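A quick note: this is a predicted structure, and the numbers were derived from the prediction, not measured.
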Amino acid sequence: MAIIVALVVLVFGLATASSPTCNEVYKKSDLSSNFNETIAHAIHSMTVQGLRQFNPRASAANKIPTVNRNLNSQLKVLPYAPDTPMGNDYVTLAMNTLDNILANVGSEEDGLGRNWSPIERVVHTMHMWDLWQKILPVYHQLEKNPPTEDVCSCLLDTSNNGILNAVEWIAHHYESGTPITLLNRPIPKLVDAVSWSVWKSRLLYYYKEPALRDAAIFLLCSTKDM
């Protein structure tokens with residue numbers, strides 16, 4: 001009996017020694033200290049169409065938590081990025097995107113809720129597409145030296161690493177305002193050049209290298225096996 005116990009302890013000890021904790025993995029990686037916030041901002045309104053910039057094979061069978069476009073639902077966060085096709089009445093992506101935004105004003109199923117004005121909805125959507133384009137070169141650079149399986153395993157465990165909680169924070173704050181960062185700072189309504197200067201400064205907060213890298217690592221882990 002003593003021998004069996006000793007063997008169990010030995011095997012468990014070896015397994016523990018060879019399997020670093022996620023906190024250890026994060027410290028050794030290039031992730032920032034607030035990666036859950038930067039990643040949540042980058043993915044909270046992700047769609048299949050957005051994911052296809054990173055992997056053309058992307059579908060709704062993904063595991064990227066996003067704010068439920070129907071904020072009246074009891075389920076505030078979906079466990080996947082939804083498929084939200086845009087029309088093709090216009091020539092450019094920008095114009096078809098604008099058409100899609102304005103066609104859904106008042107529907108309360110565009111992922112933003114009732115507090116955003118039409119121009120604020122346009123800015124939010126254009127900002128997200130612009131940010132994804134900013135992340136894309138970092139993503140392609142990482143493909144040459146991809147994150148380890150340990151990093152991906154820890155990052156994709158969104159229920160335990162703070163990413164899901166941060167996306168839920170966004171969803172709940174959409175019910176009462178127009179948060180464009182996770183900094184929990186008041187933001188003025190976008191009505192003129194003065195208020196735009198505040199919005200612009202806040203929107204650019206996540207365009208810095210650490211935030212871009214955080215998002216690129218997560219997206220590469222999420223899409224590499226699609």
Which residue is it: W199, Y207, W132? I am looking for the one with a side chain to side chain donor-acceptor pair (under 3.5 Å) to H127.
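Single pass found, and it is Y207.
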Going by side chain to side chain donor-acceptor pair (under 3.5 Å), Y174 matches just one of K76, R114, H44. Which one?
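Output: one option passes, namely H44.
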Do [X] and [Y] have side chains that get closer than 4.5 Å, going by heavy atoms?
X    : Y    : value
L219 : I64  : yes
W116 : I180 : yes
T66  : P82  : yes
W169 : E37  : no
E168 : N165 : yes
R213 : T38  : no
K28  : D150 : no
L156 : I163 : no

What about [X] and [Y], same hydrophobic cluster or not, with Ile/Leu/Val/Met/Phe/Trp/Tyr joined at side-chain heavy-atom distances under 4.5 Å?
X    : Y    : result
F218 : L136 : yes
V191 : L112 : no
L183 : I170 : yes
V91  : L93  : no
V48  : M226 : no

Tell me, with the steps shown, if L31 and L155 meet side chain to side chain contact (heavy atoms under 4.5 Å, CB included).
CA-CA 10 Å; L31 292 163; L155 268 188; 4.0 Å; yes
Closest contact, heavy atoms only, [X] versus [Y]:
X    : Y    : answer
P118 : V105 : CG-CG1, 4.3 Å
N161 : N36  : O-CB, 3.8 Å
A216 : L142 : CB-CD1, 3.6 Å
P65  : V77  : CB-CG1, 4.0 Å
V122 : I101 : CA-CD1, 3.8 Å
F54  : G50  : CD1-O, 3.6 Å

Heavy-atom count check: over 12 atoms from other residues, nucleotides or ligands less than 6.0 Å from K27 NZ?
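Atom NZ in K27 is not packed in, count stays at 12 or less.
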Would you check if the side chain of [X] reaches a backbone N or O of [Y] as a donor-acceptor pair within less than 3.5 Å?
X    : Y    : result
T125 : R121 : yes
S29  : Y26  : yes
Q49  : T84  : yes
N115 : E175 : yes

Under the salt bridge (Lys or Arg N to Asp or Glu O under 4.0 Å) rule, collect the residues that match up with R69, sequence neighbours excluded.
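So R69 forms no salt bridge (Lys or Arg N to Asp or Glu O under 4.0 Å) with any residue.
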Between D192 and S195, is any side-chain donor less than 3.5 angstrom from a side-chain acceptor?
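Short answer, yes.
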T223 versus N55, side-chain donor and acceptor atoms under 3.5 Å:
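On atom types as modelled, these side chains do not qualify, holding no pair under 3.5 Å.
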Are V67 and V167 close enough, and set up right, to give a side chain to side chain contact (heavy atoms under 4.5 Å, CB included), and what steps lead you there?
CA-CA 7 Å; V67 174; V167 175; 4.1 Å; yes
In Å and rounded to the nearest 0.5 Å, what is the CE to OG1 distance from M86 to T47?
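Reported to 0.5 Å precision, the distance equals 7.0 Å.
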Go through K63 and T158 one step at a time and tell me if the side chain to side chain contact (heavy atoms under 4.5 Å, CB included) criterion holds.
CA-CA 9 Å; K63 297 181 180 179; T158 58; over 6 Å; no
Hydrophobic cluster partners of Y80 (side-chain heavy atoms under 4.5 Å)
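Noted: Y80 shares its cluster with L75, L78.
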Side chain to side chain contact (heavy atoms under 4.5 Å, CB included) evaluation trace for E109 with L71:
CA-CA 7 Å; E109 292 193 9; L71 288 176; over 6 Å; no
Taking only Lys NZ, Arg NE, NH1 and NH2, and the carboxylate oxygens of Asp or Glu, determine whether E143 and K224 approach each other closer than 4.0 Å.
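No salt bridge links E143 with K224.
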